[in-house]
Amino acid sequence: MTSAGVNVSGNLQAMGIDSGEKRLNELGYKQELRREMCVASVQVCEQLDHQPYVFAGYLQTLFKTLAITFSSMAVFTGTPLYGQSLLYAGPASLIWGWVVVTFFTWFVGIAMAEICSSFPTTGSLYFWAAHLAGPVWGPFASWCCAWLETIGLISGISAQIHSLTKTLPTNWKAYSGSQALQIIILLSTGTNKRGGYLAPKSIFLCIYMALILIWAILNSFALKVIAYLNILSIWWQILGGMVVIIMLPLVATSTQPASYVFTHFEIPESTGISSKPYAVIMSVLLSNYCLYGYDTAAHLTEETKGADKAGPIAILSSIGIITVFGWAYNLALTFSIRDPSYLYDENNETAGSLVPAQIIYDAFYGRYQNSTGAVVFLCIIWGSFFFCGLSVTTSAARVVYALSRDNGIPFSPIWRRLHPKHKVPINAVWLCAAIAVILGLPILKLNVIFNAIISISTIGWVGGYAIPIFARLIMAEEDFKPGPFYLGKARRPICLVAFLWICYTCAAFLLPTLYPITWGTFNYAPVALGAALTLIMLWWVFDARKWFTGPVRNIDNQNGHV
């Protein structure tokens, strides 16, 4: 073998325990989840015995990590919220609000990328919190972060399904009860004006449960299956997003002028909100909801080669892609509006329930006098939600697995059990699925349940970011062991801005969304979240503080022996 070949062989042997796995061992965890994000890449490198292919294998790994992280965010994830955001304060607030939100989101993403680079573990946020907060506050910080993250991720599964099966209140009286998939069926069977089929709530619930079942089954297979599905997802969303973004304004026979899109601001009486700042806050909830989920890269670090590098890159790349595509999608929709007042009419073709669907329908029907093109575009959007829900389920299961590995939830030995062949946390997957089903049962009686689930998901998920970032902000620099991605002196201002922005985001989702406040317009998120957090805190005070010490080492690496 040539000297080059010997060097490559040495590199490949080193890849057996790569930098990410080595750091995992140092943190006290043995490798249990299978790192299948690049198994094929390593095998190809071994066969070809050539250094460029080692780098190619790393790129393939990075792309798979990016794919599943990007899928958790999704280009079209804000579709159900678009109509509500447009209604509160007009297009200018919606469009420029996206720019403002993405600006501050970058601070959060950069702060998390640095921490992810140092702590490549599946436990991610709560593991970070435990180590960054120190031995005194670490267990409590870890406990709070773990449960916020778990609540956010599991309710996030429900939120994605509701995005598929039920929309937010895009008329000004109550939540409409329609949904993206149902709109496809409605337009395919004749539209609301021509006797199309409008599914009742019982059918919504069946669709809801079916999607959870599909996602749970897919997540029960080897990670390779999820990885390849998410590669399909990223191409589906990027190529599909480009088609929608470019074609929609071209198809529309009449478009709004730039002055309307970028400068028009109005507060309709229908929302019951008269305060301009309040209306703007409500208008940018779309952006706040869309721009999170990038921590998925951290949840999969134990299943990814070179995770201390691939994780941070995936986090920042996902934010970058969503920043551009999300804003372009909002612009395409807003420019293509035919009649703003008609979008919310309960007698229009989509029953006033999903504003983007009506915009797309108006564009295609105005040009071609049929709804075929609109159905195709809506299928692209629906596919984006499907892949997003699949990724969120993957991420939620990894958090439950990691928390049970540290004995943080009841019956932990059950939930941390891995599939003997595929090495995936199969019991954790089905626990998440079961809870998501239970969260969806109120659809049958309460129209406001989606608003509460969206708020709980966002507050729990994003709120979980705040704890490790705050701990990183106040900790002594000499206590931090940096990874390849390191901020240095810039970490304090970046972490401060990130923490304050997270606090604002959580507060915004607790506000009432419609006035006057009645049983049908009340935001139940503060009540539900407050009750859950109270129980969790009481559990801590009376019991958990006696035995929960944060992440539990499961490896003896003293003297370098594993």
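Worth knowing before you read on, the calculation uses all heavy atoms, side chains too, and leaves out hydrogens, waters and symmetry mates. Start at 1 with the first residue, then count along the sequence.
Listed for the T189 side chain is a donor-acceptor partner under 3.5 Å among the backbone atoms of I185. The backbone N or O of G389 sits nowhere less than 3.5 Å from a side-chain atom of W215 that would complete a donor-acceptor pair.
When each of I95, I359, I337 is tested with L86 by the rule side-chain contact (heavy atoms from CB on, under 4.5 Å), just one qualifies, namely I337.
Between L250 and R367, the closest heavy-atom pair is O-NH2, 3.1 Å. The two residues L248 and A332 have their closest heavy-atom pair at CD2-O, 4.0 Å. Closest non-hydrogen pair, G196 versus L186, comes out as C-CD1, 3.6 Å. Between L354 and T350 the shortest heavy-atom distance is O-OG1, 4.1 Å. For the residue pair N288 and F509, the shortest heavy atom distance occurs at CB-CE1, 3.5 Å. Considering all non-hydrogen atoms of both residues, L94 and S85 come closest at CD1-CB, 3.7 Å.
Looking at T372 and F364, their side chains never come closer than 4.5 Å, going by heavy atoms from C-beta outward. Looking only at side-chain heavy atoms (C-beta outward), Y361 and T191 come within less than 4.5 Å of each other. Annotation: side chain of V251 is in contact with side chain of Y368 (closest heavy-atom distance under 4.5 Å). Side-chain contact check for I110 versus L316: some heavy-atom pair is nearer than 4.5 Å. M112 has its side chain out of reach of P312: every pair of non-hydrogen atoms, C-beta onward, lies at least 4.5 Å apart. Using a 4.5 Å heavy-atom threshold, the side chains of V400 and P425 count as separate. Inter-residue side-chain proximity for V100 and V284 is flagged as unmet; no heavy-atom pair is nearer than 4.5 Å. E349 is not listed as a side-chain neighbour of Y365, based on a closest heavy-atom distance of 4.5 Å or more.
Rounded to the nearest 0.5 Å, atoms CD1 (I151) and CD1 (I459) are 10.5 Å apart. From I217, atom CD1 reaches atom CG of L390 across 12.0 Å, with rounding to the nearest 0.5 Å. Taken to the nearest 0.5 Å, the CD1 atom of I321 stands 5.0 Å off from the CD1 atom of I238. Rounding to the nearest 0.5 Å places CH2 of W96 at 12.0 Å from OG of S93. The distance from atom CD of Q84 to atom OG1 of T513, rounded to the nearest 0.5 Å, is 6.0 Å. Summarising the geometry, atom CG belonging to L333 is positioned 12.5 Å from atom CD belonging to Q358; distances are rounded to the nearest 0.5 Å.
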*Candidate pair I360 and I381, rule side-chain contact (heavy atoms from CB on, under 4.5 Å), full reasoning*: CA-CA 11 Å; I360 294 170; I381 294 171; 3.9 Å; yes

*Kindly determine whether Y260 and T334 satisfy side-chain hydrogen bond (donor to acceptor under 3.5 Å, both in side chains), including the steps that lead there.*
CA-CA 9 Å; Y260 172 81; T334 309; over 6 Å; no

_Stepwise side-chain contact (heavy atoms from CB on, under 4.5 Å) check, V429 with V424_ = CA-CA 9 Å; V429 168; V424 297; 6.0 Å; no

*CA sep, side-chain torsions, deciding dist, call: Y329, F76, ring pair (Phe, Tyr, Trp, His ring centres under 6.0 Å)*: CA-CA 8 Å; Y329 177 52; F76 302 110; 4.8 Å; yes

*Residues F262, L331; criterion side-chain contact (heavy atoms from CB on, under 4.5 Å); working and verdict*: CA-CA 9 Å; F262 294 108; L331 285 173; 3.7 Å; yes

_Assess the residue pair T102 and S287 against the criterion (side-chain contact (heavy atoms from CB on, under 4.5 Å)); give the C-alpha distance rounded to whole Å, side-chain angles, the decisive distance to 0.1 Å, and a yes or no._
CA-CA 8 Å; T102 53; S287 306; over 6 Å; no

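Residue pairs meeting the salt bridge (charged side-chain N to carboxylate O under 4.0 Å, His left out) criterion with at least one member in residues 314-343, sequence neighbours excluded, are R338-D362.
Between Y344 and S270, the side chains place no donor N or O within less than 3.5 Å of an acceptor N or O (distance only, hydrogens not considered). Y88 and E266 form no side-chain donor-acceptor contact under 3.5 Å, judged by distance and modelled atom types alone. No donor-acceptor contact under 3.5 angstrom links the side chains of T393 and N219, judged on distance only. Side-chain polar atoms of W98 and T323 form no donor-acceptor pair below 3.5 angstrom.
When the side chain to side chain contact (heavy atoms under 4.5 Å, CB included) test is applied to L232, the partners found at least two apart in sequence or on another chain are F387. Judged as a ring-ring contact (aromatic ring centres under 6.0 Å, His included), and not counting sequence neighbours, the contacts of Y504 are W501. Looking at residues two or more places apart in sequence or on another chain, you find a ring-ring contact (aromatic ring centres under 6.0 Å, His included) between F103 and F107. For S188, there are no side-chain hydrogen bond (donor to acceptor under 3.5 Å, both in side chains) partners at least two apart in sequence or on another chain. Applying the ring-ring contact (aromatic ring centres under 6.0 Å, His included) criterion to F485, with sequence neighbours excluded, gives no partner residue.
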